[in-house]
Number of protein chains: 2
Amino acid sequence: MEIIYDGPVPPHKQIAAWLRTRIESGEFSPNQRVPAETAIVQEWGVARTTARRAVAVLRDEGLVYTIQARGTFVSAERQERSPEGS
Amino acid sequence: MEIIYDGPVPPHKQIAAWLRTRIESGEFSPNQRVPAETAIVQEWGVARTTARRAVAVLRDEGLVYTIQARGTFVSAERQERSPEGS
DNA sequence: TTTCATTTGTCCGTATGTATT
DNA sequence: AAATACATACGGACAAATGAA
């Protein structure tokens, strides 16, 4: 994946979408830590501000929550669809 | 039990919860010694600092008291909710 | 008394990770 | 992008106290 800078979608939203997909695919369990900002910076070669903004998007959506000095974690109640079965 | 490192609850709090449960279940009598820091280290595979911090949590709660070079013991008056006489 | 083992107490440095400015 | 602060974990080293040999 690569960031498209001359497109209509700002970089941080592209990264947010990528992270959202990973989370919703079940790659991360509820309350599990997601990649740190520095990891995002490394992986995408963007500024930290951009990585932070991307995480902020998901936080605003309620998909993740952040604990200072510990990390950002997948929200436990992030089911849009009823899981059904337990 | 296993320590979850990429979760929102820090290791020392996970261990503290585990110890608290054992104590409150009555496994240890009042004034009886609880597992030493080194025992916690052995059992959980964590650093001693982490074990110490876990014990410190229960000490702060008043559930146990510590005597240097002797160990940490279950508080005798740990079911009181209202202190009297001070 | 000296020695040893055990256990807690203290301090050092290193690493990871987020938050703020 | 960088510095600083904060939270937390790891590892090592040594001190201090206790009790037993």
Side-chain angles (χ1 to χ4, degrees), chain A residues 2-3 5 10-20 22-23 27-76 78, chain B residues 1-20 22-23 27-76 78:
Chain A
E2 275 217 357
I3 298 288
Y5 288 97
H12 73 273
K13 286 192 179 178
Q14 294 178 45
I15 294 175
W18 160 80
L19 230 188
R20 190 186 303 111
R22 291 182 65 183
I23 292 173
E27 180 176 339
F28 305 103
S29 314
N31 295 312
Q32 186 179 348
R33 193 166 52 205
V34 301
E37 295 173 356
T38 51
I40 294 175
V41 168
Q42 291 287 318
E43 186 154 354
W44 291 88
V46 296
R48 184 151 179 201
T49 335
T50 304
R52 284 181 61 74
R53 221 172 314 198
V55 173
V57 170
L58 303 190
R59 191 162 44 233
D60 289 345
E61 292 175 1
L63 194 62
V64 299
Y65 63 93
T66 298
I67 298 179
Q68 187 172 45
R70 272 206 68 74
T72 296
F73 308 83
V74 177
S75 297
R78 86 219 182 300
Chain B
M1 273 265 216
E2 274 220 354
I3 298 289
I4 298 172
Y5 287 97
D6 62 348
V9 181
H12 73 273
K13 287 190 179 177
Q14 295 179 45
I15 294 175
W18 159 80
L19 232 186
R20 189 186 305 111
R22 291 182 66 182
I23 292 173
E27 181 176 340
F28 304 103
S29 313
N31 297 314
Q32 186 182 345
R33 206 181 69 181
V34 301
E37 295 172 356
T38 51
I40 295 175
V41 168
Q42 292 287 319
E43 185 154 356
W44 291 88
V46 295
R48 198 182 143 216
T49 353
T50 304
R52 280 182 64 71
R53 224 175 311 216
V55 173
V57 169
L58 303 190
R59 191 162 45 234
D60 288 346
E61 293 175 359
L63 196 61
V64 299
Y65 62 92
T66 299
I67 300 178
Q68 181 171 1
R70 295 229 49 229
T72 296
F73 308 82
V74 177
S75 299
R78 76 196 193 309

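Worth saying up front: this structure is predicted, and the values here are computed from it rather than measured.
- Residue pairs meeting the salt bridge (Lys or Arg N to Asp or Glu O under 4.0 Å) criterion with at least one member in residues 54-69 of chain A, sequence neighbours excluded: A:Arg20-A:Glu61.
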Under the 3.5 Å Watson-Crick or G-U criterion, the dot-bracket string of DNA chain C, with | for inter-strand pairs:
.||||||||||||||||||||
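- The list of salt bridge (Lys or Arg N to Asp or Glu O under 4.0 Å) pairs with a residue in residues 31-42 of chain A, not counting sequence neighbours, reads A:Glu37-A:Arg48, A:Glu37-A:Arg52.
- The nearest whole Å value for the distance from the CD1 atom in B:Ile4 to the P atom in D:dT8 is 17 Å.
- Side-chain N or O atoms of A:Ser75 include one that pairs as donor or acceptor with a backbone N or O of A:Gly62 at under 3.5 Å.
- Phosphate proximity of D:dT8 to B:His12: absent, as no side-chain N or O sits under 4.0 Å from OP1 or OP2.
- Across all strands shown, B:Val55 has no heavy atoms under 4.0 Å from either base or sugar-phosphate atoms.
- Checking side-chain atoms of A:Glu43 against main-chain N and O of A:Ile40 turns up no donor-acceptor pair under 3.5 Å.
- For A:Gln42 (side chain) and A:Ala39 (main-chain N/O), no donor-acceptor pair under 3.5 Å exists by modelled atom type.
- For the pair B:Ile40 CD1 and C:dT8 C1', the interatomic distance rounds to 12 Å; values are reported in whole Å.
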Using a cut-off of 4.0 Å between protein heavy atoms and nucleotide atoms, how would you tag nucleotides 15-21 of chain C 5' to 3' with B, S and -?
--BBBB-
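- Remark: B:Tyr5 pairs with B:Ile3, B:Pro11, B:Val46 by the side-chain contact (heavy atoms from CB on, under 4.5 Å) rule, at least two apart or across chains.
- A straight line from NZ of B:Lys13 to P of D:dA7 spans 11 Å, rounded to a whole angstrom.
- Contact between A:Asn31 and A:Phe73 at its shortest, heavy atoms only, is O-CD2, 3.7 Å.
- In this structure, B:Gln68 has no side-chain contact (heavy atoms from CB on, under 4.5 Å) partners at least two apart in sequence or on a different chain.
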